[in-house]
> 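Please find one structure pasted underneath; my questions will follow.
If you read the sequence from its start, that first residue is 1, and numbering goes on from there.
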Amino acid sequence: MASASPPVASTQPTLPSGPAVLKTVPYAFILPEILCGTWVWILIAATSVSFPLLQGWVMYVSLSSCLISLLLLISYLFGFHKNSENWKVLDSLYHGATAILYMSAAVLQANATIRSELGPNSPLYYQLNSAASFFAFITTFLYILHAFSIYYQ
């Protein structure tokens, strides 16, 4: 009588694809990252970019991060990763680097907010810049959460 050994389950977690991406941490952070980053860009654009040297960098970071995150989300939704471990490394490196860039952008946006307090269009631009600073720091936090949660997964 031959003994059959039970099949060994894989210890590596599979990467989600399709709608499961939106329900799985850390991949569920991608959509809020895109939405909050879009709000940063819209709110700064509404101020007519009062401080081009400061806010130009913020707009560049927010727009490029939104587009790259959107491409990453689409690739996860359509399953282009084919459950490769390299995608985890790529995802972690991208979100870690973007968190650093977004932190610099959020600090510059906070500086622009302080400067806009005494400007000619003071109340409106100050409020828009304050909201943009808030969303920039929230987006930074989301990118940090994503980078660390995929690292510790």
> For I138 versus C36, what's the shortest heavy-atom pair and its separation?
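Closest approach of I138 to C36: CG2-SG, 3.9 Å.
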> If Ile, Leu, Val, Met, Phe, Trp and Tyr residues are connected whenever their side-chain heavy atoms lie under 4.5 Å apart, and connections chain through other members, are L142 and L72 in the same group?
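Both belong to a single hydrophobic cluster.
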> Between side-chain atoms of residues 100-113 and protein atoms elsewhere (two or more places apart, or another chain), which donor-acceptor pairs fall under 3.5 Å?
{"unit_1": "S104", "atom_1": "OG", "unit_2": "W57", "atom_2": "NE1", "d": "3.1"}
{"unit_1": "S104", "atom_1": "OG", "unit_2": "L101", "atom_2": "O", "d": "2.7"}
{"unit_1": "Q109", "atom_1": "OE1", "unit_2": "Q55", "atom_2": "NE2", "d": "3.4"}
{"unit_1": "Q109", "atom_1": "NE2", "unit_2": "N129", "atom_2": "O", "d": "3.4"}
{"unit_1": "Q109", "atom_1": "NE2", "unit_2": "N129", "atom_2": "OD1", "d": "3.0"}
{"unit_1": "N111", "atom_1": "OD1", "unit_2": "R115", "atom_2": "NE", "d": "3.4"}
{"unit_1": "T113", "atom_1": "OG1", "unit_2": "Q109", "atom_2": "O", "d": "2.9"}
{"unit_1": "T113", "atom_1": "OG1", "unit_2": "N129", "atom_2": "O", "d": "3.0"}
{"unit_1": "T113", "atom_1": "OG1", "unit_2": "S133", "atom_2": "OG", "d": "2.8"}

> Is there a side-chain contact between F29 and S149 (heavy atoms, below 4.5 Å)?
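Touching, per the 4.5 Å side-chain cut-off.
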> For the aromatic rings, using the six-membered ring if either is Trp, is the centroid distance between F80 and W87 under 6.0 Å?
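No, too far apart.
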> Mark yes or no for whether S92, through its side chain, and K88, through its backbone, hold a donor-acceptor pair below 3.5 Å.
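Looks like no, no N/O pair under 3.5 Å.
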> Do Y126 and F51 land in one hydrophobic cluster if side-chain heavy atoms of ILVMFWY residues count as linked below 4.5 Å?
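No; F51 is not reachable from Y126 via cluster members.
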> Is it the case that S69 and Y143 place a side-chain donor and acceptor less than 3.5 Å from each other?
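Judged by distance alone, the side chains do pair up.
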> Tell me the side chain to side chain donor-acceptor pair (under 3.5 Å) pairs involving residues 30-43, sequence neighbours left out?
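Output for this query lists E33-H95, E33-H146.
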> Ignoring hydrogens and angles, tell me if any N or O in the side chain of S62 forms a donor-acceptor pair with the backbone of M59 under 3.5 Å.
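Judged by distance alone, yes, a pair lies under 3.5 Å.
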> Under 3.5 Å, is there a donor-acceptor pair linking the side chains of Y27 and D91?
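No, no side-chain donor-acceptor pair sits under 3.5 Å.
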> Mark yes or no for whether T47, through its side chain, and I44, through its backbone, hold a donor-acceptor pair below 3.5 Å.
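Yes, the answer is positive, given that a donor and an acceptor are paired below the 3.5 Å cut-off.
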> Sequence neighbours left out, what passes side chain to side chain contact (heavy atoms under 4.5 Å, CB included) with L70? Give chain and number order.
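By the side chain to side chain contact (heavy atoms under 4.5 Å, CB included) rule, L70 matches I34, I74.
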